[in-house]
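Working notes, structure below.
Chain letters run A, B, ... following the sequence lines, proteins first and then strands; every chain starts at 1. Given the structure is predicted, the values throughout are model-derived calculations rather than measurements.
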Number of protein chains: 2
Amino acid sequence: MARAGLTTERLTRAGADLADEVGFEQVTVSALARGFDVKVASLYSHVRNSHDLRTRIALLALEELADRAADALAGRAGKDALTALANVYRDYAREHPGRYAATQLRLDPETAAASAGVRHAQMTRAILRGYDLTEPDQTHAVRLLGSVFHGYVTLELGGGFSHSAPDTQETWSRTLDALDALLRNWPAP
Amino acid sequence: MARAGLTTERLTRAGADLADEVGFEQVTVSALARGFDVKVASLYSHVRNSHDLRTRIALLALEELADRAADALAGRAGKDALTALANVYRDYAREHPGRYAATQLRLDPETAAASAGVRHAQMTRAILRGYDLTEPDQTHAVRLLGSVFHGYVTLELGGGFSHSAPDTQETWSRTLDALDALLRNWPAP
DNA sequence: ACTTCTTCCTAAGACCTTTAGGCAAGTGGC
DNA sequence: GCCACTTGCCTAAAGGTCTTAGGAAGAAGT
């Protein structure tokens with residue numbers, strides 16, 4: 001019988017694609033096996049279990065997203081950098097909703113610490129170098145930016161902003177204006 | 001055989017409690033049946049299917065959350081109101097993580113329109129009456145506030161802010177300071 | 001008491017997850 | 001080229017969840 005050429009890598013990538021097609025929640029070992037035209041049990045040599053598969057997809061997505069962010073940030077500073085990073089998140093979520101959903105998977109601490117998640121935090125902090133913030137306000141601002149990016153993207157993707165004018169693109173750019181203004185005039189405690 | 005006294009109401013409430021205990025994703029018709037010491041099929045007279053159950057839990061949570069918000073908002077305005085509403089979300093998420101997760105369930109448009117979700121939007125908009133914003137900026141601000149509240153609460157609950165100083169309570173109050181400052185000095189386009 | 005409705009049950013099919021053990025396709029030594 | 005060995009995919013099977021169909025017993029109205 002011809003071999004399908006399964007690999008942890010290929011399974012992870014296919015799982016990510018599947019997530020984008022049918023939603024991250026719908027990614028199942030069975031569906032993945034069907035996609036490779038292979039019996040379900042065969043996947044268990046390459047992936048420990050269902051949770052392992054999901055975790056790998058999440059790590060892949062975090063990595064891809066961090067790569068895009070690093071690319072977008074190169075050579076930019078200030079509001080330019082802020083906008084670029086924000087757009088990376090939003091665009092990635094729109095292009096790859098399943099992958100983006102995967103990035104929200106709760107990882108156990110060690111896995112999270114070894115993931116590209118730390119690069120994301122570093123890049124957000126890097127943006128703040130263009131503004132005049134010192135600790136601990138810088139950390140507060142990092143968390144605020146993370147909240148806005150994540151919250152906005154999630155709500156928009158979940159349809160929370162649909163069915164109402166004005167359109168979301170307008171809100172997005174005005175939100176970035178507002179964040180820029182806020183960072184330039186960060187209030188004293 | 002003695003009757004268990006099942007009701008759509010009781011199932012929904014028990015489902016919400018179960019969600020808080022084991023996580024919304026883990027809420028299953030089977031687990032719910034076990035809790036009532038009843039066979040699984042018995043639930044299907046009271047709940048259409050698994051998705052129906054989840055939707056009901058989501059609607060319950062949205063309702064509870066809106067009630068708390070309305071309570072907290074009574075008699076408050078300006079930053080006082082902003083803080084009160086924000087704390088309602090954060091506290092609810094911390095007390096009832098499963099219920100809060102349920103509020104993120106994607107509802108189909110008609111269900112969403114009939115849900116307490118609209119009250120949430122109205123209350124956020126009400127807060128903005130204490131600030132000097134006109135349309136379309138008011139809508140942009142409503143969306144921004146929604147993004148921050150949702151994003152912050154989600155990240156904090158998911159452990160995104162753990163393992164780093166300063167503590168999240170400090171960030172939370174500084175975030176509210178920042179939002180208040182932003183709304184008072186909303187940038188022109 | 002008799003009928004009727006409701007509530008919960010048994011039975012059964014379909015799908016997903018996971019483990020255990022087997023055969024055959026590649027891989028390396030000789 | 002042939003052997004042993006490793007690896008990749010398989011069959012088999014057990015357990016869990018979802019869902020529907022149809023039956024029996026408790027509750028309620030006449």
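- Across the protein-nucleic acid pair, L43(B) atom CG and dT20(D) atom P stand 13 Å apart, rounded to whole Å.
- Counting non-hydrogen atoms of neighbouring residues, nucleotides and ligands closer than 6.0 angstrom, the CG atom of D37(B) reaches no more than 12 such neighbours.
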Between protein and nucleic acid, restricted to nucleotides 15-17 of chain C and to nitrogen or oxygen atoms under 3.5 Å apart, what atom pairs and distances do you find?
unit_1: dC16(C); atom_1: OP1; unit_2: R34(A); atom_2: NH2; d: 3.2
unit_1: dC16(C); atom_1: OP2; unit_2: R34(A); atom_2: NH1; d: 3.3
unit_1: dC16(C); atom_1: O3'; unit_2: T28(A); atom_2: OG1; d: 2.9
unit_1: dT17(C); atom_1: OP1; unit_2: T28(A); atom_2: OG1; d: 3.1
unit_1: dT17(C); atom_1: OP2; unit_2: T28(A); atom_2: OG1; d: 2.6
unit_1: dT17(C); atom_1: OP2; unit_2: V29(A); atom_2: N; d: 3.1
unit_1: dT17(C); atom_1: OP2; unit_2: S30(A); atom_2: N; d: 3.0
unit_1: dT17(C); atom_1: OP2; unit_2: S30(A); atom_2: OG; d: 3.1

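- Within a 6.0 Å radius of CD in E9(B), other residues, nucleotides and ligands contribute 12 heavy atoms or fewer.
- No salt bridge links R13(A) with D17(A); every basic N to acidic carboxylate O contact stays at or beyond 4.0 Å.
- Atoms CG (L32(B)) and C1' (dC8(C)) sit 15 Å apart, rounded to a whole Å.
- In this pair, Y152(B) and F161(B) present their aromatic rings tilted. The plane angle is within the 30 to 60° band.
- No more than 12 heavy atoms of other residues, nucleotides or ligands sit less than 6.0 Å from atom CG of D132(B).
- A donor-acceptor contact closer than 3.5 angstrom links the side chains of D108(B) and T111(B).
- Between the C1' atom of dA24(C) and the NZ atom of K39(A) lies a distance of 17 Å, rounded to the nearest Å.
- Of the options L105(A), T103(A), V118(A), a side chain to side chain contact (heavy atoms under 4.5 Å, CB included) to L62(A) is made by T103(A) and by none of the others.
- Distance CZ (F36(B)) to C1' (dT7(C)): 14 Å, rounded to an integer number of Å.
- The phosphate of dT7(C) has neither OP1 nor OP2 within less than 4.0 Å of any side-chain N or O from S42(B).
- Remark: R68(A) engages E95(A) in a salt bridge, criterion side-chain N to carboxylate O under 4.0 Å.
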Nucleotide N/O to protein N/O under 3.5 Å, stretch nucleotides 21-23 of chain D:
none

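- Here the P atom of nucleotide dT17(D) and the CD atom of Q26(B) are 11 Å apart, to the nearest Å.
- The closest side-chain donor-acceptor pair between T134(B) and Q138(B), if any, does not fall under 3.5 angstrom.
- Separating the NE2 atom of H46(A) from the C1' atom of dC10(D) is a distance of 12 Å, rounded to the nearest angstrom.
- Taking atom CD of E9(B) as the reference point, atom C1' of dT7(C) lies 18 Å away to the nearest angstrom.
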